[in-house]
Amino acid sequence: MRSHRLGVIPGDGIGPEVTEAALSILDAAQGRFGFTTERTEVPLGADTYLSTGELLTADAVTQLRGQDAILFGAIGSPKVTPGVLERGIILALRAELRQAINLRPVRLYPGVPTPIAGLTPQRCDLVVVRENSEGSYVGGGSTVHRGTPAAVATQGSVNTWYAVHRAVDFAFRLAAQRRGRVTLCHKTNVLVDAGALWLAVVDEVAARFPDVEHDYVHVDAMCMHLPVAPERFDVVVTDNLFGDIITDLGAVLQGGLGVAASGNLNIEGSAPSMFEPVHGSAPDIQGQGLANPAGAALSLALCLASLGEGQAAAAVESATAEVLSGLPALSGAGMGASTAELGERIAALVTEAGDGDGAAGGLAGPSLMTQLAAVQAGLSG
Ligand code: NAD
Ligand code: IPM
Ligand code: MN
């Protein structure tokens, strides 16, 4: 029987709740599609940090490196100074495991309530390719005279041709499998040095993809276009920070932060990829069963696709879409069911799933999972 080694990092806040729901869906997928997973839970996060002072230990990295893929819940706690856990665990992991691309689909599933009036699933199906290793996330910074009126803080940004090229090349490969359109999102009218580098890389890569159209949108204008005309976009490639920001907005189009999924992809095969919902640890609702597990479930679907379990991935995606479409609201008490109950509903549909690719949830067209498999085959071929 096929078996996959899976690292599991539940983390903080609602991270453990949505991860537990995702794992119950995984149990169902394994039973239905005939594979097993050997799961290794790695307890990273606020509790470990507060009791041991450790963030990401060398042992944890070694353990995680030995997995085929990693499922990640969320990290961040009001008990710890902002940035300590986020940088020391999430960003450190993305860097250690060379997860160059943060892939963030923005897809509205049929029947799912969205706060954007008149938005339809046909008009909302795009993918953000977020550069995942640099920009202002690794630019370094300094502070002098901290806490006084003379304080000076600097915060830089790193943009290498290598990493930008890697992200842009991936975006064009993905667009070639989709509707053939790449949009660069940046702020070239102010960040002129970084912007010029990104533009030059896009020009170079575009020359190799004559069948893929490309255009450019400033990040501020993106915040207007995304809710009003998401159909304008197929693959959006962008810098690390802009990608972080516009995908919370993208999550809203899909129905809310509880729905959005992501994959931190190691595209060279040198270490496992890591899959996580876009949302954070949501301390405001933790421990109450109020978190929507859909983002974690759809991240599991991406994870299964990366493990070659395409049928299971499609079944998890369509079961999640179906359960979402029946909900009166997508977060909080208005959902009418707890995190665990929603996980059980999705798991039950996965158990009943047919062999057809995603058809059960009324999902049309080739799935992102299939497109990614084709991109990956091209990269390793
Ligand atoms: P957040 O995403 O945790 O929450 C923002 C809002 O969305 C909150 O009102 C929350 O209740 C709601 N929400 C989030 N996930 C939900 C879900 N699954 N279902 C229903 N509602 C949901 O963002 P924040 O409040 O800005 O950050 C909280 C902490 O999480 C911080 O420490 C932050 O650094 C961290 N964070 C971590 C990650 C990550 O682990 N990848 C991502 C974002 C933020
Ligand atoms: C996300 C989060 C992280 C990011 C933080 C918590 C480091 O916001 O995954 O979107 O900025 O990438
Ligand atoms: Mn974010």
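Start at 1 with the first residue, then count along the sequence. Predicted, not measured: the structure shown is a model, and the values here were computed from it. Indexing begins at 1, ligand by ligand and atom by atom, following the structure's order.
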Q: Could you tell me whether R2 and E309 make a salt bridge, using a distance below 4.0 angstrom between a side-chain N and a carboxylate O?
A: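 Salt bridge flag = yes for E309 with R2.
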Q: Going by heavy-atom distance to atom 13 (N) of ligand 1, choose the closest among A260, A74, A282.
A: A282
Q: At what distance is the nearest protein heavy atom to atom 29 (C) of ligand 1, and which residue and atom is it?
A: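 Protein heavy atom at minimum distance: S281 OG, 3.2 Å.
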Q: Specify the protein heavy atom at minimum distance from atom 19 (N) of ligand 1: its residue, its atom name, and the distance to 0.1 Å.
A: N292 N, 2.9 Å
Q: Need the ligand 1 atom indices (1-based, order shown) with element for anything under 4.0 Å from a heavy-atom of G258.
A: 17 (C), 18 (N), 19 (N)
Q: Distance under 4.0 Å to a non-hydrogen atom of S77: what atoms of ligand 1 satisfy this?
A: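 The atoms of ligand 1 under 4.0 Å from a heavy atom of S77 are 32 (O).
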Q: How far apart are the C-alpha atoms of Y216 and H218, what are their side-chain angles, what is the distance that settles it, and do they pass the side chain to side chain donor-acceptor pair (under 3.5 Å) test?
A: CA-CA 7 Å; Y216 171 81; H218 290 314; 2.6 Å; yes
Q: Check A261 against L302 and note the closest heavy-atom contact, atom names and distance.
A: CB-CD1, 4.3 Å
Q: Any idea which heavy atoms bring N264 and N132 closest together, and the distance?
A: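 In this case the closest contact between N264 and N132 is OD1-ND2, 2.9 Å.
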Q: Hey, what do you get for CD (E20) to CD1 (I14), rounding to the nearest 0.5 Å?
A: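 Taking CD in E20 and CD1 in I14, the distance rounds to 13.5 Å.
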Q: I need the contact type for I285 against ligand 1. Using non-hydrogen atoms and a strict under-4.0 Å cut-off, is it side chain, backbone, both or neither?
A: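 Contact part for I285 vs ligand 1: side chain (C-beta onward).
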Q: P283 heavy atoms, cut-off 4.0 Å: which ligand 1 atoms fall inside?
A: 28 (C)
Q: Got the closest protein heavy atom to atom 40 (O) of ligand 1, with its distance?
A: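 Atom 40 (O) of ligand 1 sits closest to the protein heavy atom I75 N, 2.9 Å.
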Q: Going by an N to O cut-off under 4.0 Å, is there a salt bridge joining E96 and R65?
A: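 Result for this pair is yes, salt bridge flagged.
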Q: What part of I90 sits under 4.0 Å from ligand 1 if we count only heavy atoms: the side chain, the backbone, both or neither?
A: side chain
Q: By number and element, which atoms of ligand 1 are closer than 4.0 Å to a non-hydrogen atom of S331?
A: 20 (C), 21 (N)
Q: Under a 4.0 angstrom heavy-atom cut-off, which atoms of ligand 1 come close to F72?
A: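 Here the atoms of ligand 1 in question are 40 (O).
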Q: Can you list the atoms of ligand 1 that are under 4.0 Å from a heavy atom of G76?
A: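 Listed by number with element, the hits are 32 (O).
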Q: What does the N/O contact table under 3.5 Å look like for ligand 2?
A:
residue  : atom   : partner : partner atom : Å
ligand 2 : 8 (O)  : D244    : OD1          : 3.2
ligand 2 : 9 (O)  : R94     : NH2          : 2.9
ligand 2 : 9 (O)  : R104    : NH2          : 2.9
ligand 2 : 10 (O) : R104    : NH1          : 3.2
ligand 2 : 10 (O) : R104    : NH2          : 3.1
ligand 2 : 10 (O) : D244    : OD1          : 2.9
ligand 2 : 11 (O) : Y137    : OH           : 2.6
ligand 2 : 12 (O) : R94     : NH1          : 2.7
ligand 2 : 12 (O) : R130    : NH1          : 3.1
ligand 2 : 12 (O) : R130    : NH2          : 2.7

Q: What atoms of ligand 1 come closer than 4.0 angstrom to any heavy atom of L257?
A: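 In order of number, 2 (O), 5 (C), 7 (O).
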Q: Determine whether V129 and N102 make a side-chain contact, defined as any pair of heavy atoms from C-beta on separated by less than 4.5 Å.
A: no
Q: As a test of the contact definition, would atom 25 (O) of ligand 1 count as having a protein heavy-atom neighbour under 4.0 Å?
A: no
Q: Identify, for atom 41 (N) of ligand 1, the protein heavy atom at the shortest distance, and state residue, atom and that distance.
A: E276 OE1, 2.9 Å
Q: List the atom of A29, the atom of A312, and the distance in Å for their closest heavy-atom pair.
A: CB-CB, 4.2 Å
Q: Where's the contact between E86 and ligand 1, heavy-atom distance under 4.0 Å: side chain, backbone, both or neither?
A: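 It is the side chain that touches ligand 1; the backbone stays farther off.
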Q: Give me the residue, atom name and distance of the protein heavy atom closest to atom 42 (C) of ligand 1.
A: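 Sorting protein heavy atoms by distance from atom 42 (C) of ligand 1 puts G280 CA, 3.4 Å first.
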Q: Give the residue, atom name and distance (to 0.1 Å) of the protein heavy atom nearest atom 16 (C) of ligand 1.
A: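 For this ligand atom, the closest protein heavy atom is I14 CD1, 3.9 Å.
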Q: Between the side chains of R179 and E213, is the shortest nitrogen-to-carboxylate-oxygen separation below 4.0 Å, so that they form an ion pair?
A: no
Q: Hey, is V278 touching ligand 1 through its side chain, its backbone, both or neither, going by heavy atoms under 4.0 Å?
A: backbone
Q: Parallel, tilted or perpendicular, judged at 30° and 60°: which one describes the rings of F172 and F209?
A: tilted
Q: What residue and atom, counting heavy atoms only, is the protein's closest point to atom 8 (C) of ligand 1, and at what distance?
A: D284 OD2, 3.4 Å
Q: For the pair D239 and R130, find out whether any cationic side-chain nitrogen is under 4.0 Å from an anionic carboxylate oxygen.
A: no
Q: Of the backbone and side-chain N, O or S atoms of D244, does one lie nearer to the Mn ion (ligand 3) than 2.8 Å?
A: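 Yes, within the cut-off.
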